[in-house]
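Structure record follows, encoded as structure tokens.
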Amino acid sequence: MTVRVRVTAVAVLVTAVALAIGGWGLLRSVESTQLGEIAAATEDQVDAVAARLNAGVPAAQVQVLGSATGVVQVLDNATGDVLRAEPRGADVPIVSVITERPGIGVDHPVVGAVYPAGIEGGTRVDALPPGAFDSVTGSPFELRYEQVATPAGPVTVVAASPIDEVRRSLDSVRRALTVGLPLVVVLVGAVAWFVTGRALRPVEAMRAEAEAITHSTLHRRVPAPATADEVGRLARTLNAMLDRLEGAAGRQRRFVADASHELRTPVTTLRTELEVALRAGDEATLRAAVTGALAEESRLEEMLGDLLLLASVEEAPATAHTEVDLAAVAAVVAERSRPVPVTVRGRGTARGSRAQLERVVTNLVDNAARHATAAVSVTVDGSRIEVDDDGPGVAEPDRDRVFERFTRLDEGRARDAGGAGLGLAIVAAVVSAHGGEVTVDGSPTLGGARFTVELPPP
């Protein structure tokens with residue numbers, strides 16, 4: 001099921017439930033309001049007649065104002081007769097008719113001011129029997145009464161107001177809701193379908209373009225709408241990811257090309273020396289060829305080891321997060337034989353792989369010793385390592401490029417001095433895997449280059 005279908009379905013469902021609850025509430029509100037008005041008007045009629053009777057007006061002469069369709073009666077409590085009624089001709093006592101109807105809960109007529117529980121305080125009665133009163137025949141009505149003591153004896157004022165108009169109003173509202181609410185739901189569904197389609201159109205365009213991008217077409221980008229919403233941010237994020245993938249693919253191609261070139265050289269040298277030795281045939285030439293082949297094999301083995309280390313660090317960062325004494329590591333590295341002396345000072349620790357951090361210091365010190373004239377110094381300050389030399393330094397345009405794989409600057413192009421150009425690339429990879437950063441600048445103390453490694457504090 002597509003997102004468009006799900007969003008439309010949810011919108012239709014929520015709208016239908018909300019409108020159903022709202023329609024039900026509207027019907028109940030209309031019914032309660034109109035019935036309340038009818039009940040209040042019926043009560044007012046009873047109160048008005050009772051007030052006149054309490055003022056001393058005889059029951060047979062009291063002015064009774066009935067509603068246009070309702071009935072008001074004054075009943076004699078002793079006999080149950082109608083003393084006064086409106087409209088005229090409504091001479092059948094309302095309460096007597098009610099007590100004679102089945103299902104009302106009474107079985108005796110209204111006499112002696114005793115009223116059945118079914119009509120105490122006001123009762124809503126479904127309908128009077130046909131022929132009881134022409135004005136209210138077949139209509140449900142609201143019933144109210146009040147007893148009044150008069151000089152001629154106790155009487156009861158009874159008022160009945162039909163509520164069939166309320167039923168008709170509710171039926172009209174119900175019919176309108178039955179027709180209108182489904183139309184609103186359909187309209188909401190259509191709008192949700194249209195709006196969702198327009199909102200997802202850029203996403204579909206991005207999906208189609210992303211599906212068409214392969215390893216050979218990484219230069220292509222998904223269309224990015226000129227908006228600041230989630231879709232626009234998604235497109236820009238995808239394009240940034242494609243930029244990174246294209247850059248990574250380019251670096252991988254350059255790495256393969258450089259590795260092939262670097263590996264071809266020692267292999268070619270081995271083959272050439274062995275072929276020359278075979279042609280010469282004398283022992284001295286063979287010995288020299290074997291010696292040279294072993295030297296090239298050592299260099300080839302070292303290069304392959306560096307490549308494997310570089311690949312392993314980039315694919316699986318260090319997992320041995322122990323506290324490493326950086327000063328002790330630097331001291332061990334400094335003790336190894338080099339053309340120039342290496343001094344170590346300071347103290348500090350960092351968390352990570354001791355073997356990999358030792359390789360970082362070794363590569364930096366070896367690189368510094370290769371270019372230094374007379375001195376190399378290592379300074380440890382907390383989780384910061386600085387390696388200075390008094391060599392020619394690194395030109396500012398080359399300070400980022402020097403950490404790329406197989407990069408050898410002009411003064412280090414000779415293979416016996418410059419190596420394969422993987423040492424600083426390994427340093428950058430290991431430091432990055434430990435969450436740190438390595439930079440190169442001029443040395444303010446020795447005048448050559450200063451390589452600075454910033455590692456996270458332990």
Side-chain angles (χ1 to χ4, degrees), residues 302 305-306 309-310 313 318 323-412 414 417-458:
E302 181 181 358
D306 288 345
L309 175 61
L310 192 58
V313 170
E323 191 166 340
V324 180
D325 187 339
L326 297 179
V329 169
V332 170
V333 173
E335 291 176 356
R336 297 168 188 165
S337 176
R338 289 183 178 83
V340 295
V342 180
T343 60
V344 178
R345 63 176 179 271
R347 56 191 297 180
T349 59
R351 294 192 66 83
S353 168
R354 179 184 177 89
Q356 290 186 6
L357 292 178
E358 184 174 337
R359 184 62 182 270
V360 167
V361 179
T362 299
N363 287 5
L364 289 177
V365 172
D366 288 346
N367 178 76
R370 187 180 297 119
H371 298 89
T373 302
V376 173
S377 69
V378 180
T379 303
V380 178
D381 183 9
S383 59
R384 177 188 179 99
I385 306 172
E386 295 176 347
V387 180
D388 295 79
D389 64 67
D390 59 352
V394 180
E396 189 169 349
D398 298 324
R399 289 177 179 175
D400 290 329
R401 190 170 63 90
V402 75
F403 294 105
E404 296 178 359
R405 289 170 287 195
F406 300 110
T407 297
R408 293 191 300 272
L409 302 182
D410 292 340
E411 66 273 8
L422 292 175
L424 295 181
I426 292 175
V427 170
V430 172
V431 172
S432 177
H434 282 72
E437 183 182 10
V438 58
T439 57
V440 60
D441 206 341
S443 173
T445 57
L446 299 181
R450 167 176 284 182
F451 286 82
T452 303
V453 175
E454 291 277 2
L455 296 171

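- Evaluated for a side-chain contact (heavy atoms from CB on, under 4.5 Å) with Val427, the options Leu422, Val387, Asn363 yield exactly one hit, Asn363.
- In this structure, Ser383 contributes its side chain and Leu455 its backbone to a donor-acceptor pair below 3.5 Å.
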Evaluation steps, side chain to side chain contact (heavy atoms under 4.5 Å, CB included), between Val430 and Arg359: CA-CA 9 Å; Val430 172; Arg359 184 62 182 270; 5.8 Å; no
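- The minimum heavy-atom distance linking Asp388 with Pro444 is given by the pair OD2-CD, 4.2 Å.
- Evaluated for a side-chain contact (heavy atoms from CB on, under 4.5 Å) with Val342, the options Val376, Asp366, Val333 yield exactly one hit, Val376.
- The two residues Ala330 and Val378 make their nearest non-hydrogen contact at CB-CG1, 3.9 Å.
- The shortest non-hydrogen separation linking Thr439 to Phe403 is C-CZ, 4.2 Å.
- For the atom pair CZ of Arg384 and OG1 of Thr379, the computed distance is 9.5 Å after rounding to the nearest 0.5 Å.
- At least one donor-acceptor pair closer than 3.5 Å links the side chain of Thr362 to the backbone N or O of Glu358.
- Atom OG1 of Thr452 sits about 10.0 Å away from atom CD1 of Ile385, to the nearest 0.5 Å.
- At least one donor-acceptor pair closer than 3.5 Å links the side chain of Asp390 to the backbone N or O of Thr373.
- Counting all heavy atoms, side chain and backbone alike, Val324 lies closest to Gly352 at CG2-O, 3.7 Å.
- No donor-acceptor pair under 3.5 Å is formed between the side chain of His434 and the backbone N or O of Pro456.
- Counting non-hydrogen atoms of neighbouring residues, nucleotides and ligands closer than 6.0 angstrom, the CZ atom of Arg336 exceeds 12 such neighbours.
- The CD atom of Gln356 sits 10.5 Å away from the CD1 atom of Ile426 when rounded to the nearest 0.5 Å.
- In this structure, Gly346 and Ala327 approach most closely via the heavy-atom pair O-CB, 3.6 Å.
- Atom CD of Glu454 and atom CD of Glu386 lie 8.0 Å apart (nearest 0.5 Å).
- The heavy-atom pair separating Ser443 from Asp389 by the smallest distance is CB-O, 4.1 Å.
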